[in-house]
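This report refers to the structure that appears directly beneath it.
Within every chain, numbering begins at 1; the chains are lettered A, B, ... in the order of the sequence lines, protein sequences first and strands thereafter. The basis for the numbers below is simple: all heavy atoms, side chains too, and nothing from hydrogens, waters or symmetry mates.
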There are 4 protein chains.
Amino acid sequence: MPTAKKKTTVSATPERRRELLNTAAEVFAAQGYNATTVRRIADEAGMLAGSLYYHFDSKESMVDEILSTFLTELWDGYDAVLAAGLGPRETIEALVTESFREIDRHRAAVAIYQKESKHLAAQPRFGYLTESQQKFEKAWLGTLERGVADGAFRADLDIRLTYRFVRDTVWVAASWYRPDGHHSPEEIARQYLSMVLDGIARRD
Amino acid sequence: MPTAKKKTTVSATPERRRELLNTAAEVFAAQGYNATTVRRIADEAGMLAGSLYYHFDSKESMVDEILSTFLTELWDGYDAVLAAGLGPRETIEALVTESFREIDRHRAAVAIYQKESKHLAAQPRFGYLTESQQKFEKAWLGTLERGVADGAFRADLDIRLTYRFVRDTVWVAASWYRPDGHHSPEEIARQYLSMVLDGIARRD
Amino acid sequence: MPTAKKKTTVSATPERRRELLNTAAEVFAAQGYNATTVRRIADEAGMLAGSLYYHFDSKESMVDEILSTFLTELWDGYDAVLAAGLGPRETIEALVTESFREIDRHRAAVAIYQKESKHLAAQPRFGYLTESQQKFEKAWLGTLERGVADGAFRADLDIRLTYRFVRDTVWVAASWYRPDGHHSPEEIARQYLSMVLDGIARRD
Amino acid sequence: MPTAKKKTTVSATPERRRELLNTAAEVFAAQGYNATTVRRIADEAGMLAGSLYYHFDSKESMVDEILSTFLTELWDGYDAVLAAGLGPRETIEALVTESFREIDRHRAAVAIYQKESKHLAAQPRFGYLTESQQKFEKAWLGTLERGVADGAFRADLDIRLTYRFVRDTVWVAASWYRPDGHHSPEEIARQYLSMVLDGIARRD
DNA sequence: CATGAATGAGCTTTCATTCAT
DNA sequence: CATGAATGAAAGCTCATTCAT
């Protein structure tokens, strides 16, 4: 029998943490990180502002945990896709689909990531945001280049422009996506891919 | 030489206002409205925080003027396009091109609009943001529907999804666009349109 | 000895509020509302300016609570007098006596009321000041008229002028009254009434 | 013909000064000294805030001039009365009448004096306010004492209380007095004196 | 004389954070 | 674990005042 390390308290601490982080993420997403007061989060969680500091070191450490948890999960998915040895078109399809799944699961975190990562990344503590973004860029750019090389994608497009186009196109969806909708993430992904890959104009 | 009496100072009054608004817009775009302090804007403008209040009523009235000026100009362009009686595909092309021109001219304002309009629109003073957005939606949705009807666009796409796709695709560009680049707005518009209309996959 | 567990600190919550309001009232009365800084009140209360905002919403809400509390108590007393069915002279005597009692208990609030009510009343929030003043006028004017009618008061005086005379005469006392004096409020009231009713000239 | 010293400008400088001071006095009286902004006075005078500083050193010097001018005139009148060798009752009558005349001529200044003199007197510059008040007290108290001694006034009254009563009674009138009324200052004085000297109760 | 623009001190208020209970 | 009360830094804004033109 393993020794009961730490806390005999029944109320599983990590559960509470996650609940609180979900609450915080929702508020951050809705109002923006800076505009969100710790009091507001506490209100939403049914406690007083000061009480949050039992669970977290600071407001900053809350976003930190929200974002890093999200990115960890995101990369779990991405890495699996990238390791699967698919062709460029299939890789893009899988990455986009995976992205919409993440938006579905972590809508708030994604929204926060979109709005705040640029200025958060300035702080050393959030260095992983920059790292992630670079890894991200490498994965997408590489796949696009591979696709152009093997003829899956058109050769006449500016590759960086295309990268930005596809990237933004996907993630901005977090700003309007509502999980209660009738579109599953896979369904939305399929439609997006259809537009991105084949265009909206009718083919003759 | 008797020319140019008076005012070696460049700052005729309305000029100064515009200068200051440009400065403010740049900072708002870079740091976000809430995170931007009035002191920071003043620093950038080479004056003290209090001095800004000689020119503007409040921080809020600064964004207000920035956004409303931008939207006025935007709609001048859009209305001209919409009144031109073009076909759906040409209308989309013209709107997208016009949009990139606006991004070129008002990059900061567009970035602010993207990031802040959602929560600013909550205040009555910024009601015109909502109005503009509705007019915008109507123009784009209408054009897309027309295009589907007359066979210019594919009939198998979710029209609202497509609207969001095209809309986001264009405006998000403001977040990375730098006017000093080697791409003219028209050039970028052409590339974007090529992707949006015909897709990135190679046609057989 | 088991008695008096907990809280050697006197400050049960509502007590603290009252303490702070007393402090604030004293400063407002001494320096005027506008001229009083929140910092000054906080100093006097032994805390930092920001800390006051844990207890009160704003400087304005402090005067609000000070004045409304005072007026509530004042009208408790006045209403009792007016409901007692006394003759006009006795009513005036009772109102004046009651007034001096209020000056005794709420000297600071009365002084604030005197100095600030006129411009505070302009704001909707302080509408009750105007209401109170109208009720006040009605009560006094009515009593004076009754007194003239039944012969208790001289018929040859301008009734509005008399009203102002008596009203001011009483309340201005708040500007110099110091409760630690040797005059009880009742004593002062008696003297005032003697002057107001019978005049300062010797009767033949 | 005396040489035109200083300024050939037609617009008699001292006139302008007086106009501006009247304007300032009116605003100070209406809003209180602290609450009055220099901008407001300038607005009312049809100029910009900075321009006032051509005429006056500071906001403070404006009240200073307003109050000292008023007090100079007041004491001209008072001194004449006191030097006239009247009996106590006649002296009181004359002082009260003179006071109402001053209220008529300098309503704004009197109102300012009432509201602000206490805290202005704290500054050395306004030392004359304290002096004036002491001279004032001496004149009134002395007259009242004389009146009690020679039987003109009742002997059973607290003399200081009586002093305050009469003093306040007169000056507070400035807070409601409007010169455009149908009551001349002499008429109001007569009524006040009637109340103060003989009381408002009917004599048998 | 007046304007336009700026200064700088100080004000009210907000808010993340701390900590004894 | 949570509360109540406080801290302290910083924010937006106001205003008397200055001064070159």
| Interatomic spacing from OG1 in B:Thr37 to CG in B:Asp43 - rounded to 0.5 Å | 7.0 Å
| said: Do C:Lys59 and C:Phe28 form a cation-pi contact, if we require the NZ or CZ to be under 6.0 Å from the six-membered ring centre and within 45 degrees of the ring's axis? | reply: no
| query | Starting at the 5' end of DNA chain E and moving along, which residue's nearest nucleotide shows up first, C:Val38 or A:Val38? | reply | C:Val38
| remark: Taken to the nearest 0.5 Å, the spacing of D:Leu20 CG from D:Ile41 CD1 works out to 9.5 Å
Between the protein and nucleotides 2-4 of chain F, are there any N/O to N/O pairs under 3.5 Å, and if so, what are the atom names and distances?
from	atom 1	to	atom 2	distance (Å)
F:dA2	OP2	A:His55	NE2	2.8
F:dT3	OP2	A:Leu48	N	2.9
F:dT3	OP2	A:Ser51	OG	3.0

| field | D:Arg39 versus D:Ala49, closest heavy-atom pair with distance | value | CA-CB, 4.0 Å
| query | Judged by modelled atom types alone, do A:Asn34 and B:Tyr33 share a side-chain donor-acceptor pair under 3.5 Å? | reply | no
| said: Tell me whether the count of non-hydrogen atoms from other residues, nucleotides or ligands lying under 6.0 Å of CZ in C:Arg125 goes above 12. | reply: yes
| query | Does any residue of residues 57-69 of chain B have a heavy atom under 4.0 Å from DNA chain E, and if so, which ones, in number order? | reply | none
| Watson-Crick and G-U pairing of DNA chain E written in dot-bracket, each distance under 3.5 angstrom, with | for inter-strand partners | .||||||||||||||||||||
| said: Between C:Ser68 (side chain only) and C:Asp64 (backbone N and O only), is there a donor and an acceptor less than 3.5 Å apart? | reply: yes
| task | Send over the distance from B:Ile41 CD1 to F:dC13 C1', rounded to a whole Å. | result | 13 Å
| said: It should be established whether B:Tyr53 places a side-chain nitrogen or oxygen under 4.0 Å from OP1 or OP2 of nucleotide F:dT14. | reply: no
| said: Tell me the closest heavy-atom pair linking D:His55 and D:Arg17, and the distance in Å. | reply: O-NH1, 2.9 Å
| query | Does C:Arg39 put a side-chain nitrogen or oxygen below 4.0 Å from OP1 or OP2 of E:dC11? | reply | yes
| Option passing side-chain contact (heavy atoms from CB on, under 4.5 Å) with D:Glu26 (candidates D:Arg107, D:Gln31, D:Glu44) | D:Arg107
| said: Checking C:Tyr53 now: which residues fulfil ring pair (Phe, Tyr, Trp, His ring centres under 6.0 Å) with it, not counting sequence neighbours? | reply: none
| Residues forming a salt bridge (Lys or Arg N to Asp or Glu O under 4.0 Å) with B:Arg18, sequence neighbours excluded | none
| B:Arg17 has an atom CZ; how far is it from atom P of E:dA6, in whole Å? | 13 Å
| request: Quick one: closest heavy-atom pair of C:Ser132 and C:Leu71, and the distance? | output: OG-CD2, 3.6 Å
| remark: Per side-chain contact (heavy atoms from CB on, under 4.5 Å), C:Val63 is matched among C:Leu120, C:Thr36, C:Leu21 by C:Leu120
| note | When rounded to whole Å, the CZ to P distance for the pair C:Phe56 and E:dT14 reads 15 Å
| field | Close approaches to DNA chain E from residues 30-37 of chain C, in residue order (heavy atom, under 4.0 Å) | value | C:Thr36, C:Thr37
| remark: Taken to the nearest whole Å, CG/C:Asp43 to C1'/E:dC11 is 14 Å
| query | Can you tell me how far P in F:dT21 sits from the matching atom in E:dC1, rounded to whole Å? | reply | 22 Å
